[in-house]
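Per chain, numbering begins at 1; letters A, B, ... match sequence-line order. Below, each value reflects all heavy atoms present in this structure, side chains not excepted, and no hydrogens, waters or symmetry copies.
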Amino acid sequence: MREKELRRSMSVLPIGTVMKLTDLTARQIRYYEQQDLIKPIRNEGNRRMYSLNDVDRLLEIKDYLDDGLNISGIKAVYKKQEQLEDERQKNLEKGLTDSDVRKILQDEFMHIGGLKPPSSTFDNPNNFHKFNE
DNA sequence: TTTCTTACA
DNA sequence: TGTAAGGA
């Protein structure tokens, strides 16, 4: 499963292909790079080469923009995202899995409030961030 | 032909 | 963000 991730990270697409795949103009794609939202590599001829992950990222950026977020807002999203990944990684280094962490938090909340929250709330990873705000 | 940088009647 | 200019 680590093989695929490696290939998705390979920068092999010229900007023209990315334009067709994302329906964005070269101007926009280069602009988002300036904003550090994507980091394509340069080939021998100073040409930008993008990876499949870059394409995914650009498509995400389009969605966020539609949702009314501005560039700085999107930066904040990815920043918080990386922050959460770091925390997850640290917990992993301490031998704690995601489910372990959620169990611990659940126990703590039960003691504090004496209330037993819906298990679904803790079982859904998408709700995890609610306990890190 | 395609992409790059810079700049704005 | 679009588009033109001039080079690679």
Side-chain angles (χ1 to χ4, degrees):
Chain A
M1 191 59 164
R2 182 46 84 177
E3 182 68 17
K4 294 179 181 175
E5 181 50 38
L6 200 67
R7 296 183 188 286
R8 290 178 196 294
S9 299
M10 295 202 282
S11 300
V12 297
L13 312 172
I15 197 168
T17 301
V18 177
M19 288 173 70
K20 293 175 182 173
L21 257 30
T22 63
D23 200 47
L24 290 169
T25 65
R27 180 78 157 85
Q28 292 176 300
I29 297 172
R30 298 190 188 111
Y31 176 66
Y32 300 150
E33 175 186 357
Q34 280 194 303
Q35 302 307 307
D36 294 305
L37 263 33
I38 52 175
K39 318 200 174 316
I41 67 171
R42 296 303 185 101
N43 64 14
E44 321 65 54
N46 193 42
R47 255 66 207 220
R48 271 169 268 248
M49 300 302 274
Y50 303 81
S51 69
L52 292 177
N53 282 329
D54 289 328
V55 173
D56 277 343
R57 177 85 113 183
L58 288 169
L59 292 173
E60 269 184 31
I61 293 172
K62 275 218 306 181
D63 290 335
Y64 284 133
L65 254 27
D66 287 333
D67 289 342
L69 271 66
N70 53 40
I71 299 299
S72 61
I74 297 175
K75 285 186 186 179
V77 171
Y78 289 133
K79 183 179 179 182
K80 187 179 69 179
Q81 205 168 76
E82 290 179 30
Q83 178 189 315
L84 289 178
E85 283 181 34
D86 286 349
E87 289 182 23
R88 187 184 65 89
Q89 187 55 44
K90 286 185 178 180
N91 283 326
L92 236 49
E93 290 172 7
K94 291 190 299 184
L96 298 173
T97 66
D98 286 345
S99 79
D100 285 333
V101 175
R102 267 182 277 122
K103 191 176 192 312
I104 291 174
L105 289 175
Q106 180 176 344
D107 288 340
E108 291 180 353
F109 276 104
M110 282 178 34
H111 283 307
I112 295 175
L115 299 173
K116 179 178 170 50
S119 61
S120 62
T121 300
F122 289 94
D123 291 341
N124 187 340
N126 294 317
N127 287 327
F128 185 70
H129 71 284
K130 292 180 180 177
F131 303 100
N132 267 294
E133 297 182 311

Specify the separation, in whole Å, of atom [atom1] of [X] and atom [atom2] of [N].
X: A:Y31; N: B:dA7; atom1: OH; atom2: C1'; value: 16 Å
X: A:Y50; N: B:dT3; atom1: OH; atom2: P; value: 10 Å
X: A:E44; N: B:dC4; atom1: CD; atom2: P; value: 13 Å
X: A:I15; N: B:dT5; atom1: CD1; atom2: P; value: 9 Å
X: A:K20; N: B:dT2; atom1: NZ; atom2: C1'; value: 11 Å
X: A:I29; N: B:dT2; atom1: CD1; atom2: P; value: 15 Å
X: A:M19; N: B:dT2; atom1: CE; atom2: P; value: 11 Å
X: A:I41; N: B:dT3; atom1: CD1; atom2: P; value: 15 Å

For this session: Under the side chain to side chain donor-acceptor pair (under 3.5 Å) rule, collect the residues that match up with A:Q81, sequence neighbours excluded.
Result: none

Going from [atom1] on [X] to [atom2] on [Y], what distance comes out if it is rounded to the nearest 0.5 angstrom?
X: A:L65; Y: A:I71; atom1: CG; atom2: CD1; value: 5.5 Å
X: A:L69; Y: A:I61; atom1: CG; atom2: CD1; value: 11.5 Å
X: A:R88; Y: A:T97; atom1: CZ; atom2: OG1; value: 10.5 Å

For this session: Examine B:dT3: is either OP1 or OP2 under 4.0 Å from a nitrogen or oxygen in the side chain of A:R48? Give yes or no.
Result: no

Exercise. Can a side chain N or O of A:Y32 be found less than 4.0 Å away from OP1 or OP2 on C:dT1?
Worked result: yes

For this session: Would you sort out whether A:R42 and A:R47 count as a side-chain contact (heavy atoms from CB on, under 4.5 Å), showing the intermediate values?
Result: CA-CA 5 Å; A:R42 296 303 185 101; A:R47 255 66 207 220; over 6 Å; no

For this session: Assign a letter to each nucleotide of nucleotides 2-8 of chain C from its 5' end: B, base within under 4.0 Å of a protein heavy atom; S, sugar-phosphate only; -, no contact.
Result: BB----B

Problem set entry | Nearest heavy atoms of A:K75 and A:Q35, plus distance in Å | CE-O, 3.0 Å

For this session: Can you see which heavy atom on A:M49 is nearest to which on A:V12, and at what distance?
Result: CE-O, 3.5 Å

Exercise. Are A:I41 and A:Y50 grouped together when hydrophobic residues (ILVMFWY) are joined by side-chain heavy atoms under 4.5 angstrom apart?
Worked result: no

For this session: Find the runs of at least 3 consecutive base pairs, i with j, i+1 with j-1 and so on, that include DNA chain C, using Watson-Crick or G-U wobble geometry with both distances under 3.5 Å.
Result: B:4-8 with C:2-6

Problem set entry | Geometric cation-pi criterion, A:R57 with A:Y32: 6.0 Å, 45° | no

